[in-house]
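Here is the structure we will look at.
Chain naming here is simple, since letters A, B, ... match the order of the sequence lines and numbering starts at 1 in each.
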Amino acid sequence: MGTSDGTVLGVTKIAGSGSASARYNVVLLGDGYRATEMAQYATNAQSFVDALFATPPFNETVLFSTRYSSALNVWRVDVTSTQSGADDPTSCTGGTGATAATYFDARFCNSGIRRLLQVNNATAINVATAQVPHWHMIMVLVNSSIYGGGGGDVATYSMAPDALEIGIHEMGHTAFGLADEYEYWAGCGVDTTRNNHPASEPGEPNVTINSNRATIKWGDLILPTTPMPTTSNANCALCDPQPNPVGTSTVGAFEGAHYYHCDAFRPQFNCKMRALGQDFCAVCKRVIRHTLNPFLPKVKIPDLFDLLDYLRGKLKGDWVSDPGPLEILRLLEILARGRPEELKPQVDDLSTLIAGIDQMSSFELRGALLRVRSGIARLETAAKLIENQIEGKR
Amino acid sequence: MAYSDSPYDPPQRPARALRLIFSYKGSRTKLESKHSIEMMALPSDTTEDYKDRSGFWVELRDKQERVVYRRIMRNPIQVELEAPSGDPSRPFTRIENPNPEGTFSVLVPDFETAEALVLYSSPAGATARAAREITRVLLKEGRQISSSASDEEPPASGEKGPAESGKTPRGGKTGGRKGKK
């Protein structure tokens, strides 16, 4: 069974504008969709993209129209299955006994947990590699209304309401190497061996055993006024029941993380790596940005000129006597030198503008940098004005 | 660990990557294939000393055994499993997998200077214990030279998984993924 229970139809890029070799490539596979359900699969795949791209930091602006989601290509691989759904064995409480002949062999009730939904990883990797050789992450959408999902090298989630959140949480693990920030193993009130975290520092960036303000690994995000640790668990035999004593966005050291009630800390009270329906915490968002930065598209210089023309009209600025914003182009050119072999000025006046940047002295560069910063501040003011205009027209 | 918010960090080079596919059964891993692809691997995490850290990561090492690339990963060897609990307030539950078996992929930059790829993992059943080398691949030769049993050592004092404690995890009895149909 398995690959004899369906057909790989092909692949479609449903998000992203860059080549596969330049972007972070997410591959979506569908299981338990019959040939007549391919339109539903396409809708479900688009829902994943919409939800992911609305999630911070993917929805954050990097520069002008570039968002962190711009670093991603999302590929939908269309795979039919002979039957709809997934196996749902009766050996788990609530299991219906349903069986489904599907391409990736999706099945609930793995390791005795009904909601643990897994597929044949080897088949998923083989199909992804054949269809999108440049893949970075594989997510399998399983056409079942039973709530479930699972992680690992290949993540899964079902089409039950809210199960998509499982997929994004698992992406935090698989794509970005983030740790779980919850403080239990099997469950609060169930665990008896999860009182105190061992003395080894977790390798993952978003959990720690260190609550020292001076040396904690996300210390640069902690305000001097934030207490450290920010919360402490009064009873290490249990999950900490206390509510958040600080603001929701406060970064500190909250005790209870990495499957232990005590001696392990998380950066914020809540995070998508702790609870579904939450945003990623500040530390996780930073890790995601760091991971995606190399995959962001290069700034398109002609687009910048268009924008400058637009702003010139809006602000009635005189860019000759006040060249700050133009200096931004110089800065972007310097930044673009991360890929010098691809540095090809696209318009003559820009070539003139940037001519000699290599020969500028340190003093001249520092002066340029000051002007650029001034220009950026001015552009931000302009952007705010435009935002206000847009708001005013609603 | 220093992370930059800047979108202008120089892109990593070379823009080629190695994809290595491993199979695993129990604590044994086996290199199944290795391919060079024109694509970017993920940027390196810190290459500072990671001795005594727990978790799972992959390293590239040069001739002098220096770490030239490190990527912290979710342990792809499913010695333990995370599952949705269905309880919105505590949305996950975890369980040990007594019969881990499967396939996983590792993607690293195709550095000319990289001599070996090394996988590190905390011992099975002891996620929070210090990781150690579990296998090494000599990249120039495409040869795997070690595959150790990471779950053979007992967990550190004070850390026991539910299976070791004799408790049945919430959700029912344990058992590996069974073949279907």
>> Nearest 0.5 angstrom please: B:T127 OG1 to A:H258 NE2, how far?
In response: 6.5 Å
> Relative to chain A, which segment of B:I77 carries a heavy atom at a distance below 4.5 Å: side chain, backbone, both, or neither?
Replying inline: neither
> What is the minimum heavy-atom distance between B:P84 and A:G149, and which atoms define it?
Replying inline: CD-O, 3.3 Å
>> Evaluate A:N121 against B:E101 for side-chain contact (heavy atoms from CB on, under 4.5 Å), listing each step before the verdict.
In response: CA-CA 10 Å; A:N121 272 21; B:E101 182 175 1; over 6 Å; no
> For the residue pair A:A122 and B:T103, what are the closest heavy atoms and their distance?
Replying inline: CB-OG1, 3.4 Å
> Under 3.5 Å, is there a donor-acceptor pair between the side chain of B:R19 and the main chain of A:W135?
Replying inline: yes
> Relative to chain A, which of B:G86, B:S89, B:G55 shows the most heavy atom pairs under 4.5 Å?
Replying inline: B:G86
> Measuring from B:D45:CG to A:E204:CD, what's the distance to the nearest 0.5 Å?
Replying inline: 10.5 Å
>> Can you give me the closest heavy-atom contact between A:F295 and B:A41, atom names plus distance?
In response: CZ-O, 3.5 Å
>> Counting heavy-atom pairs closer than 4.5 Å to chain B, which one of A:G148, A:P133, A:G150 comes out on top?
In response: A:P133
> Quick one: CD1 on B:I21 to CG on A:N126, what's the gap to the nearest 0.5 Å?
Replying inline: 7.5 Å
>> Taking every non-hydrogen pair under 4.5 Å, which of B:A131, B:A130, B:G102, B:S54 racks up the most with chain A?
In response: B:S54
> With a 4.5 angstrom heavy-atom cut-off, which part of A:A124 approaches chain B: side chain, backbone, both or neither?
Replying inline: neither
>> Once rounded to the nearest 0.5 Å, what's the spacing between atom CG of A:L276 and atom CZ of B:F92?
In response: 4.0 Å
>> Surrounding NZ of B:K140 (heavy atoms of other residues, nucleotides or ligands, distance under 6.0 Å), is the total greater than 12?
In response: yes
>> For a 4.5 angstrom cut-off between non-hydrogen side-chain atoms, does B:S105 reach A:D153?
In response: yes
> Does any heavy atom of chain B fall under 4.5 Å from the side chain of A:E170, the backbone, both, or neither of them?
Replying inline: side chain
>> Is a donor from one side chain sitting under 3.5 angstrom from an acceptor on the other, for A:Y182 and B:E82?
In response: yes
> Is there a side-chain contact between A:C239 and B:R90, using heavy atoms and a 4.5 Å cut-off?
Replying inline: yes
> Distance only, no hydrogens: is a donor on one side chain within 3.5 Å (strictly under) of an acceptor on the other, for B:R94 and A:Y259?
Replying inline: yes
>> Minimum heavy-atom separation for B:P91 and A:Y184, please, with both atom names.
In response: N-OH, 3.3 Å
> At what distance, to the nearest 0.5 angstrom, does CE of B:M73 lie from CZ of A:F176?
Replying inline: 13.5 Å
> Which heavy atom of A:R115 sits nearest a heavy atom of B:S85, and at what distance?
Replying inline: NE-O, 3.4 Å
>> Suppose we screen for side chain to side chain donor-acceptor pair (under 3.5 Å). Which residues come up paired with B:S23, at least two apart in sequence or across chains?
In response: B:E32
>> Measuring only between side-chain heavy atoms, which start at C-beta, is B:I37 closer than 4.5 Å to A:H134?
In response: yes
> With only heavy atoms counted, which part of A:E60 is less than 4.5 Å from chain B, the side chain, the backbone, both or neither?
Replying inline: neither
> Under 3.5 Å, side chain of A:S200 to main-chain N/O of B:R129, donor-acceptor pair present?
Replying inline: no
> Are the side chains of A:E201 and B:Y50 in touch, meaning some heavy atoms are under 4.5 Å apart?
Replying inline: no
> Are side-chain heavy atoms of A:L116 and B:L81 found at a separation under 4.5 Å?
Replying inline: yes
>> Could you measure the distance from the CG atom of B:N97 to the CD atom of A:Q118? Nearest 0.5 Å is fine.
In response: 7.5 Å
> So which part of B:R70 gets closer than 4.5 Å to some heavy atom of chain A, the side chain, the backbone, both or neither?
Replying inline: neither
